Amino acid sequence: QVRVVESGGGLVQAGGSLRLSCAASGSIVSIHAMGWYRQTAGNQRELVADITSGGRTNYADSVKGRFTISRDNAKNTVYLQMNTLKPEDTAVYYCKTVAVEDGIVLRVQDYWGQGTQVTVSS
């Protein structure tokens with residue numbers, strides 16, 4: 001099994017910073033991409049940022065210049081540094097890992113964490 005665990009959420013005032021972490025563990029053959037998504041009540045989950053194994057990054061327009069995604073391939077961990085937070089950044093943040101799990105049949109799958117709440121007060 002592949003396990004994905006997020007940490008680092010919390011309550012912060014507007015203009016403040018938070019750093020999210022996400023670690024993937026288990027029977028992993030390889031990890032392709034890792035990323036962060038967020039979701040608010042009644043809305044679809046949306047991409048915040050993702051990063052490939054080679055370090056190529058992609059950001060939502062709403063977070064460009066404020067958020068930075070990084071990755072430690074040796075630790076199967078991805079980070080999201082969030083600066084200049086705004087109330088509209090309030091959401092549950094989910095980590096997605098695109099990986100190949102060890103087994104009889106090897107295939108690329110998406111694995112999601114349980115999410116971590118980020119609340120930005122005005």
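Remember, predicted model here, so these are calculated numbers, not experimental data.
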Heavy-atom pair with the smallest gap, counting every atom of A14 and P87: CB-CD, 4.1 Å
Closest non-hydrogen atom pair between A49 and L80, with its separation: CB-CD1, 4.3 Å
Side-chain heavy atoms of V4 within contact of C22, under 4.5 Å: yes
For G113 against Y94, the heavy-atom pair lying closest together: O-CD2, 3.7 Å
Joint cluster assignment, Y111 & V92, ILVMFWY side-chain distance < 4.5 Å: no
Distance in Å, M34 CE paired with T52 OG1, rounded so as to fall on 0.5 Å steps: 12.0 Å
CG-CE distance between L18 and M82, expressed to the nearest 0.5 angstrom: 4.5 Å
ILVMFWY cluster, Y59 and L20 together (side-chain gap under 4.5 Å): yes
Salt bridge (charged side-chain N to carboxylate O under 4.0 Å, His left out) against D72, all qualifying residues, sequence neighbours excluded: none
ILVMFWY network linking V29 to V2, side-chain heavy atoms under 4.5 angstrom: no
Parallel, tilted or perpendicular, as decided by the 30° and 60° cut-offs, for the rings of F67 and Y93: tilted
same_hphob_cluster(V48, W112) at 4.5 Å side-chain heavy-atom cutoff: no
Validation row: H32, V100 side chains within 4.5 angstrom (heavy atoms): yes
N73 and R71: CA distance, side-chain angles, deciding distance, side-chain hydrogen bond (donor to acceptor under 3.5 Å, both in side chains) verdict: CA-CA 6 Å; N73 288 335; R71 179 172 168 174; 2.6 Å; yes
Non-hydrogen atoms of R38 and S62 that approach each other most closely: NH2-OG, 3.3 Å
Result of checking R45, E46, Q44 against Y37 for side chain to side chain contact (heavy atoms under 4.5 Å, CB included): R45
Interatomic spacing from CG in N58 to CD1 in I69 - rounded to 0.5 Å: 9.0 Å
Approximate separation, where rounding is to 0.5 Å, of S53 OG and I31 CD1: 9.5 Å
Main-chain N/O of A91 paired with T40 side-chain donor or acceptor, under 3.5 Å: no
Side chain Q13, main chain S121, donor-acceptor under 3.5 Å: no
Trace of the side-chain hydrogen bond (donor to acceptor under 3.5 Å, both in side chains) decision for Q81 with Y79: CA-CA 6 Å; Q81 178 65 44; Y79 306 95; over 6 Å; no
Residues in salt bridge (charged side-chain N to carboxylate O under 4.0 Å, His left out) contact with R66, at least two apart in sequence or another chain: D89
Closest non-hydrogen atom pair, V78 against C95: CG1-SG, 3.8 Å
From CG (L11) to CD (Q117), nearest 0.5 Å: 9.5 Å
Nearest heavy-atom neighbours spanning T77 and A23: OG1-CB, 3.8 Å
Polar side-chain atom of Q114 near backbone of V5 as donor-acceptor pair, under 3.5 Å: no
Spacing of T97 atom OG1 and R3 atom CZ [to the nearest 0.5 Å]: 12.5 Å
